[in-house]
2 protein chains.
Amino acid sequence: MSVTPPRPKGPPLNALRAFEAAARLGGFRLASAELNVTPGAIAQHVKFLEAWCGGLLFERLPVGVQLTPLGTSILPDFVAAFDALAAASHKLRMNAAPNRVSVTALPSIAQLWLGPLLPKIREELPGISISVTAMEAPPNLAREPFDLSIFFSSEADKSADLQLPQDELVPVCSPEIARRISTLADLQDLSCLSDQMWPGDWTEWLKSIDPRAGYSVSGPSYSLYGLAVNEALNGAGVLIGHLSLVNRYLLTGELVAPFPQRAKTAHRLTIYRSAQARSKIIRRLLDILKRFAKNL
Amino acid sequence: MSVTPPRPKGPPLNALRAFEAAARLGGFRLASAELNVTPGAIAQHVKFLEAWCGGLLFERLPVGVQLTPLGTSILPDFVAAFDALAAASHKLRMNAAPNRVSVTALPSIAQLWLGPLLPKIREELPGISISVTAMEAPPNLAREPFDLSIFFSSEADKSADLQLPQDELVPVCSPEIARRISTLADLQDLSCLSDQMWPGDWTEWLKSIDPRAGYSVSGPSYSLYGLAVNEALNGAGVLIGHLSLVNRYLLTGELVAPFPQRAKTAHRLTIYRSAQARSKIIRRLLDILKRFAKNL
DNA sequence: ATACTAGACTCAGTTTTTCTAGGCCTAGAA
DNA sequence: TTCTAGGCCTAGAAAAACTGAGTCTAGTAT
C-alpha cells in the first residue's frame, strides 16, 4: 500500500499513435515506416495498448495483421483525434513564424527544379525562409509538418494545387557529345546515363521511337538524378532526360537533345499544400511557382 | 551527412500534452498536479515546445505564467484535440470490456456510502466489474479514464447525474455512550471525534444549535472518516456525523444520535458520469444507486 | 524593513520508457 | 524445397522524462 495510491493512468500517447498508424495503414511495417521506427517498436506499443484496454486490437495473421471489430470500432475516432492534433501543431508552428515555409520534394525535384527557383523566390518574397527536405516518397501532409510537397504523380489530380502536364523523356548530352551522334545506333557506343530510380527510362524512350527494333543501351546509373545531370554536363555521356528537370539546361544550351523525339511518361510534377497552409505567403509562393513552371 | 537525413519531426506528444494542461489550467504547478509530475517536468516540456516552434508560448511572470497571444491562438485547438483523444481512449476501454465500470470517489464516500452498496449492485448486475479509486478531489472526467465520480459538491448542479439533498451534521455515538449524554455540556467531558478534512464540523453544528453559547469540544481527529466512524462504533466517543455517510448505522441502531438537532451543510453528494459513459450498464448502475440513495 | 511564500527556472543525476538488433516463426510464392 | 514478407520476442542500448535541490522574483504578512 503506497501512500499516494497509483491511480489508473490513461494510455501512453505514443502507444495510441502507433496503433492509429498501424490500423490506418493496415500493418505494423507500414506504420513503422511512417513513424520512423522498427516494426518491433510498433508491435510493442500495440501489445501494451491491448493489455491496457484488455482486448485484442489486431488479429495476427501468418503474414500481416488485421483489425479486429474492436479495433475497427475506434479507429475513426483516433484518426480524427490525431488529425486534429497534427493540425494544431502545424498551426502552432505557422503562427509562431508565419514567414517560414517548409517544402518536401523528391531529391531530383528539389535539386533540379526547385533549387534554381529559390533565389528568384527569395527575391520576390523577401523575408521568407524556405526549408527544403528531400525524401523518396510523398509524406502524409495531414501528419507531417510540411507546407508543400512536390513529387511526381502518375495520375491527374484536380485537387492538386499545381500540376504540370505529363513529363516527357528525351536524351540529352553536352554539345560536344552531340556532335558524335547522328543515328540511334550511335547510342550503343556511348555511355547512356540513367537514374537508379527510373531504370526503365531508356527502354521506354527507345520503344516509343521504334517498338520493334531491339535497341538497347548501357551505361552508368546514379542514385541521384542531379548527379547524372552533372555528369551529362561534364560530357560523360548521354542522359535520358526528364524534360521537367532538364529543360532549363536545354534552354540555356548547356545540354542539347541529339534526337528530337520525345516520349510522354505517366509522371506529372505535382504540388500539394497541407490543409493548414492557407496563408497568404503560401498562396503567393504557389503563384510564383506556377509562373516559373510555365516558363520552363 | 547521414545516409538517411533526419527529417523534421513533429513535436513530441507529451510536450503538447504538458502545454495543453498548463495553458488550460493557467499554470505549471496546476498542470503538474493534473499530470502527476513535478512542475520542473512541465517547464522542460514547454521549453522544448517553444524551441520546436520557435516562439514563446508563455510569458514568465515573477509568480506564475501567462499565455502569450501565440499560446492563446492555438490553445482551443489543442484542448479539442486532447479531448477527442481522451474520448477515443475511453471508448476503446469501454468497447473492449463493456461490463467494466470504474468509479472514483472521495475516500469517505467510497468506504461508507459506496462500499456497502457494492454487494447489492453485484447482485442486481451480475457480471459487472466495478473498480473503485479513492481520491481527494474530483478528476476531470473528460480526461481521466473514469466512468463515474462521486464527491461532495457545495453547489446544486442540474447537470449532475445524481445529486442528493444538502447533507446534514448530527452527532452520533454508540448506544452505550449515548446513555451518558443528556445535555450539550456533557459533550465537553467526552472525546468528540472529527475528520481532519472537515475540522469545522463540530463548531458548525454547535453554532446551529445556539449561535451565542461559546461551546467548544475537543477530541481526536482522523484523516480517514471511515476510521472515525469505526472508532465511534467502538465507543471511542461522539463523532460529528455526516448524515449521508452515517445514516446507515443510525438505521441499524449501531449508532444513535444523542441530540435530535441537525445542521444543514452546503455539501451535496453528487455523482457525475463521463461523457463517454452512456452505455446501458452505466444507466442501470445509476438507477440502482438512485434507488439505494433514497432508502438511506 | 524583513521575512515568508508562491511559482517558475536550471542542472545534474536517475529512473523510466522506448527503441533496436537479431533470432525465431508461419504460410504463401517462386 | 527454399525464399520472403510480416510479426513476435528478448536482451541490451539509447533516449526521454522525471526528480530534487538550489535560485530567483515580487507580492504579502509581520
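Atoms considered below: every heavy atom in the structure, side chains included; atoms not considered: hydrogens, waters and symmetry mates. Naming: A, B, ... by sequence-line order, numbering from 1 per chain. In this text, all values refer to a predicted model and were calculated from it rather than measured experimentally.
The base of C/dT17 lies outside donor-acceptor range of the side chain of A/Gln44, with no N or O pair under 3.5 Å.
Look at CG on A/Leu61: it is 12 Å from P on D/dG6, rounded to the nearest Å. Whole-Å rounding puts the B/Leu56 CG to C/dA8 P distance at 15 Å. Here the P atom of nucleotide C/dT18 and the CG atom of A/Leu49 are 12 Å apart, to the nearest Å. For the pair A/Arg17 CZ and C/dC19 C1', the computed distance is 13 Å after rounding to whole Å. What separates CZ of A/Phe28 from P of C/dC19 is a distance of 14 Å, to the nearest Å. What separates CG of B/Leu30 from P of C/dA6 is a distance of 13 Å, to the nearest Å. The interatomic distance linking B/Lys9 (NZ) with D/dA16 (C1') rounds to 10 Å, in whole Å. If you take CG of B/Leu13 and C1' of C/dT17, they are 14 Å apart, rounded to a whole angstrom.
Under the 3.5 Å distance criterion, the side-chain polar atoms of A/Arg268 are left unmatched by any main-chain donor or acceptor of A/Ala266. Judged by distance alone, with hydrogens and angles left aside, the side-chain atoms of A/Glu155 form no donor-acceptor pair with the main-chain N or O of A/His267 at under 3.5 Å.
Ranking D/dT19, C/dT18, D/dG7 by closeness to the B/Ala41 side chain, first place goes to D/dT19. Comparing C/dT20, C/dT10, D/dC18 against the side chain of B/Lys47 picks out C/dT10 as the nearest. Nearest nucleotide to the side chain of A/Thr38, out of D/dT19, C/dT20, D/dG7: C/dT20. Checked against D/dG7, C/dA8, D/dA5, the side chain of A/Val63 finds its nearest nucleotide in D/dA5. The side chain of A/Asn14 has C/dT18 as its nearest neighbour among C/dT18, D/dA17, C/dC19. Closest contact between the side chain of B/Pro62 and the listed nucleotides C/dA8, D/dC18, D/dA26 involves D/dA26.
Across the interface with DNA chain C, nearest-nucleotide mapping of B/Gly40 and A/Gly40 shows B/Gly40 to be the residue nearer the 5′ end.
A salt bridge between A/Glu144 and B/Lys9 is absent, with no side-chain N of the basic residue lying under 4.0 Å from a carboxylate O of the acidic one.
Contact annotation: A/Arg60 side-chain N/O to D/dG7 OP1/OP2 distance is not under 4.0 Å. Residue B/His45 has a polar side-chain atom (N or O) positioned under 4.0 Å from OP1 or OP2 of D/dC18.
Ring centroid separation for the pair A/Phe152 and A/Trp198 comes in under the 6.0 Å cut-off.
When all heavy atoms of A/Asp201 and A/Leu169 are compared, the pair lying nearest together is O-CD1, 3.6 Å.
Judged by Watson-Crick or G-U wobble contacts below 3.5 Å, the nucleotide D/dC24 has C/dG7 as its partner.
The residue A/Ala43 sits close only to the backbone: its heavy atoms come under 4.0 Å of sugar-phosphate atoms, none of a base.
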